[in-house]
*Asks:* 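This structure is in structure tokens; I'll ask about it shortly.
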Amino acid sequence: MAVATVAMAGSGGRAGASAAPGPIKTHVHSLSLTGASASLKTLGAQSTAPFSMVGVTWNGAHAKLRGTVEVRTRSAVSGHWTPWLKMQQPDDIPDTAEMNRPGVRGGMSPMWSGPSNGIQVRATGAGKPTALPAGLRVDLVDPGKPATGGTQDSGMGLAGYAMDATATDTGTPTDSVAPTDTPTAPAGSDTSGTPTATDSVSPTDTPTATDSASVAPSTGTSASTSTSTSPSASATSWPSQLPSLSEAYPSCTTSSGSPSASASQTPPNPMPAATTSTVAPPTVVTRAGWGADECARETGYPTYGSAVKVMFVHHTDTTNNYSCADSPAIVRGIYAEHLNQGWRDLGYNFLVDKCGTIFEGRFGGMGLPVVGAQTYGFNTNSMGVAAIGTYTDLSGGDSTASTFPGAAPSQAMLGSIARLAAWKFGMTGVNPGTGTASLPEGASDSYGFTLGNSYSFNVVSGHRNGFATDCPGNQLYNALSTIRSYAAGPVSGVSVTGMSGGATKSGTSYYTKGAATVSWTTATPSAVISGFDILVDGKAVAHASGSARSAAISVAAGSHTVQIRATHVRGSTTLSGSVTLVGDTTAPTFPTAPGVQVRTGTVSSTAVPVTVTWKAADNTALGKVMATAPSSATFGPTVTSWATSAKPGASDLFALKAYDVAGNTGGASVYRTPNIIQETSTTRTGTWTHKSSTSYLGGYSYGSSSAGASISWTFTGRSVAWIVSRASTSGQAYIYVDGTKVTTVDLKSSTTLYRQAIWTKTWSSSAKHTLKIVVVGTSGRPAITTDGIATIG
């Protein structure tokens, strides 16, 4: 199969729909509404063939239904019935020439229900006996599924409503509506809702032969609007070339079974010249892509204008609670119902779903000024773009309330509509943001307009600007200025949001060894952005698509400025603010070896409290320092010491690793030997008592209460700590180092503590030293208990 989704250079793909493997069978099953009263027509609750869209139509394209039509549908998934839902008056009306053809029917806006298999309908006239037109019927549209591949219906019930839990699984639901809520027919009238045996369409309203494939025959039967053949879709016939009828109708046959003459028809004369746009076209799901059956619509070429001067924005007035995977089925459903009303083809030129996926509408060449059926009286030289969903006010502020809760249009939807406008008006050189154009009124009965008079419009206008309707809903209508801004450009809100992929932030700058991934954001959607350039020091070093929001770059050593330049599809550019990115390949250093010294704290036979000190430096920005031995720890860039412990009696490795912000590393290490020297290796004067307890190091200590008694250790090392026991009765001691008194310490403590390193001293290098302790003989608490010393060799 040829390509069914067209993406030209500079356009970005959008998620949502899948291409169909060929034309998809759609069926319209029509049931008549009946009733003896002219102001009440009904269809009783009943099981039906599967359907996913509901339409209500009547005889005569110009006839009006003045009243209310409500429907309930039964979910084919849950078996539950929806509440009564009000159908909306039609927003889209064919061109007068199309509307005046034989067999064209009036109708409500079709309603997407999701997979359903039951229906109930009531139509109530607004007072006058003629409020309800003749030939009222409900059209149940089955949009079909791809024979292979493609997407499946999501199973979502109508509008996502919670289903009626009291409903039964039979053909007649238990209606929860109170009797006063049910229209009452005059006595003697038939309100059973049972369809008549024959369709109420009058013979004079029967479509012509060319339309017969699109209208259901007798009531209760099913009409197919497609064949099983697979036409060859072509990506080369667009955006501006005339479509090939031989490709559109490869095997369509006439009612006699002979080949259709449509494939040999010549193009209309005069034919609009193909026009090249200054803007690359967007990605569009073609008719072949969403499964259109070209044999079902009116054969031949459509009517063309001279150039598209105005784009009218519509909404389909269907539920917003749909899966974007269902969008092709929704488009097929609208197509089938428009054909069922006797229209030549799908009325809109394009449709856009909430994911921003664009669908080709009416056949004829997406780049050509195809006359659609969308804005009555102004269809010629205009283009209709329908937003799939309902975009009325959430509060019901629109003058005509919708069945479905209104929703704000997504940015993706607005962006895709803007992209269509930028591309289409790039063919005529009109600014879609500020441009205006005049169109003549082509209908004699359009409210507020006079046949033949010309009226000025913004080139991006809402349906309500050209017809008496609330379409496209207040929320979408109020967003038209945003669409114009998106379409006109430039890209707004371009800002670098960060860097990753090897780059780390410190302060306001980023650092890297060379590689970095730059991320950015915009206020403008991707659909109207042709691409981004990443600038380093003002020079473009990388390019990214309009849908990208990050890109990889590399920089040399040194400080650089990084900016993002966004290019709009119309050519204007926007430059972001600058961010500093520092390239750094130089490792951090330790100018001196780490220091290790004994610190105060509790000593055990397996752990001596020590402090490791260091000084780390970097040429740009230090990130952190990690200790890797004798245990692991991580420190910030300004930390220069680490309180830890070491096992005594062995040479220990003390190792550090410094990281700069860019990720470069440098290490330093030193071996040091902690030792515990106990009381037995001492010189003593005065009276000392050898004390035994498991609380002491090695199980023993020396204690003295004699003033002037001394105990001393001679050792070789660079750091020393005196280890004692402390209690509330402990006294004071003088400390001498190498014969010089250096301090007086008080061992008194409110709680009893053992093996406490209470005083320390450190030298710059290892040497031989003597530490002497002298008992002060403090009044009332003269005793001291010494448990040894700890040293670092």
Side-chain angles (χ1 to χ4, degrees), residues 23-30 51-63 87-113 137-144 201 205 207-208 210-216 223-226 287 290-300 302-303 312 314-318 327-351 359-364 370-376 379 383-388 463 467 469 471:
I24 296 173
K25 280 185 174 295
T26 59
H27 299 273
V28 180
H29 187 66
S30 296
F51 66 92
S52 292
M53 182 170 280
V54 180
V56 170
T57 61
W58 54 82
N59 295 350
H62 292 279
M87 296 194 71
Q88 297 302 300
Q89 292 290 340
D91 282 325
D92 311 303
I93 301 178
D95 191 77
T96 52
E98 186 165 345
M99 196 171 177
N100 292 332
R101 297 189 314 151
V104 178
R105 297 175 63 78
M108 309 297 282
S109 290
M111 177 185 291
W112 179 256
S113 65
R137 73 187 191 200
V138 60
D139 302 320
L140 308 179
V141 183
D142 175 10
V201 178
D205 202 35
T208 61
T210 57
D211 300 316
S212 60
S214 64
V215 180
S224 170
T225 61
S226 74
R287 290 172 64 91
W290 53 261
D293 175 19
E294 303 297 359
C295 299
R297 64 176 177 81
E298 181 181 80
T299 58
T303 303
F312 288 109
H314 305 253
H315 69 165
T316 59
D317 214 4
T318 52
S327 297
I330 294 173
V331 174
R332 290 195 303 273
I334 296 172
Y335 177 47
E337 182 61 1
H338 284 184
L339 294 180
N340 186 54
Q341 288 183 242
W343 297 13
R344 292 188 177 104
D345 191 357
L346 180 61
Y348 308 112
N349 299 97
F350 294 94
L351 300 94
F359 296 87
E360 179 185 10
R362 179 160 286 209
F363 176 83
V370 177
V371 176
Q374 36 91 23
T375 304
Y376 186 58
N379 283 315
M383 176 177 75
V385 178
I388 298 175
H463 185 190
F467 189 72
T469 175
C471 182

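All figures in this text were calculated on a predicted structure; none of them were measured in a lab.
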*Asks:* For Glu337, is there an ion pair with Arg105 - N to carboxylate O distance below 4.0 angstrom?
*Replies:*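 No.
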*Asks:* Using side chain to side chain contact (heavy atoms under 4.5 Å, CB included), reason through Val385 and Phe312 one step at a time and then give a plain yes or no.
*Replies:* CA-CA 6 Å; Val385 178; Phe312 288 109; over 6 Å; no
*Asks:* Would Trp58 and Met108 count as a side chain to side chain contact (heavy atoms under 4.5 Å, CB included) if you check the C-alpha gap in whole Å, the side-chain angles of each, and the deciding distance to 0.1 Å?
*Replies:* CA-CA 9 Å; Trp58 54 82; Met108 309 297 282; 3.8 Å; yes
*Asks:* Should the ring pair His338 and Tyr348 be called parallel, tilted or perpendicular, given that the plane angle runs from 0 to 90° and is split at 30 and 60?
*Replies:*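 Because their plane-to-plane angle lies in the 30° to 60° range, the rings of His338 and Tyr348 count as tilted.
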*Asks:* Validate the cation-pi geometry between Arg297 and Tyr335: distance from NZ or CZ to the six-membered ring centre under 6.0 Å, angle to the ring axis within 45°.
*Replies:*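 Ring-cation test returns no.
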*Asks:* Would you call Ile388 and Ile334 a side-chain contact if the rule is heavy atoms closer than 4.5 Å?
*Replies:*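 No, every pair of side-chain atoms sits at 4.5 Å or beyond.
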*Asks:* Is any side-chain heavy atom of Arg101 closer than 4.5 Å to a side-chain heavy atom of Arg344?
*Replies:*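 A side-chain contact under 4.5 Å exists here.
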*Asks:* Tell me the closest heavy-atom pair linking Ala329 and Pro143, and the distance in Å.
*Replies:*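 Result for this residue pair: O-CB, 3.3 Å.
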*Asks:* Calculate, to the nearest 0.5 Å, the distance between atoms CD1 and CG belonging to Ile330 and Leu351 respectively.
*Replies:*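 It comes to 10.0 Å.
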*Asks:* Got Phe350 and Met383 here, is their nearest side-chain heavy-atom distance under 4.5 Å?
*Replies:*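 Phe350 reaches Met383 side chain to side chain.
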*Asks:* Can you see which heavy atom on Thr318 is nearest to which on Pro110, and at what distance?
*Replies:*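 Heavy atoms of Thr318 and Pro110 come nearest at CG2-O, 3.3 Å.
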*Asks:* At their closest point, which heavy atom of Asp293 faces which heavy atom of Pro23, and how far apart are they?
*Replies:*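 Scanning both residues completely, I find the closest heavy atoms to be CA-CB, 4.0 Å.
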*Asks:* A side-chain contact here means heavy atoms from C-beta on lying under 4.5 Å apart; do Val54 and Val141 qualify?
*Replies:*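 Not in contact.
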*Asks:* Where do Asn379 and Gln374 land on the side chain to side chain contact (heavy atoms under 4.5 Å, CB included) test, with the steps shown first?
*Replies:* CA-CA 6 Å; Asn379 283 315; Gln374 36 91 23; 3.3 Å; yes
*Asks:* Indicate yes or no: at least one non-hydrogen side-chain atom of Val56 is less than 4.5 angstrom from one of Asp139.
*Replies:*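 Result no, sub-4.5 Å side-chain heavy-atom pair not found.
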*Asks:* Distance-only, no hydrogens or angles: does the Arg332 side chain make a donor-acceptor pair with backbone N or O of Trp290 under 3.5 Å?
*Replies:*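 The answer is yes, because a donor-acceptor pair under 3.5 Å joins these two groups.
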*Asks:* Between Val370 and Asn349, is there a side-chain heavy-atom distance shorter than 4.5 Å?
*Replies:*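 When only atoms from C-beta onward are counted, Val370 and Asn349 do touch, with a gap below 4.5 Å.
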*Asks:* Going by an N to O cut-off under 4.0 Å, is there a salt bridge joining Arg287 and Asp345?
*Replies:*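 The answer is yes: the pair qualifies as a salt bridge.
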*Asks:* Please report the shortest heavy-atom distance between Phe359 and Ser327, naming the atom on each side.
*Replies:*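 Smallest heavy-atom distance, with atoms named: CZ-CB, 3.5 Å.
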*Asks:* Got Thr57 and Arg137 here, is their nearest side-chain heavy-atom distance under 4.5 Å?
*Replies:*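 They are in side-chain contact.
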*Asks:* Can you check side chain to side chain contact (heavy atoms under 4.5 Å, CB included) on Phe51 and His29, steps first, answer last?
*Replies:* CA-CA 8 Å; Phe51 66 92; His29 187 66; over 6 Å; no
*Asks:* Side-chain contact, heavy-atom cut-off 4.5 Å: Met111 with Met53?
*Replies:*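 No, every pair of side-chain atoms sits at 4.5 Å or beyond.
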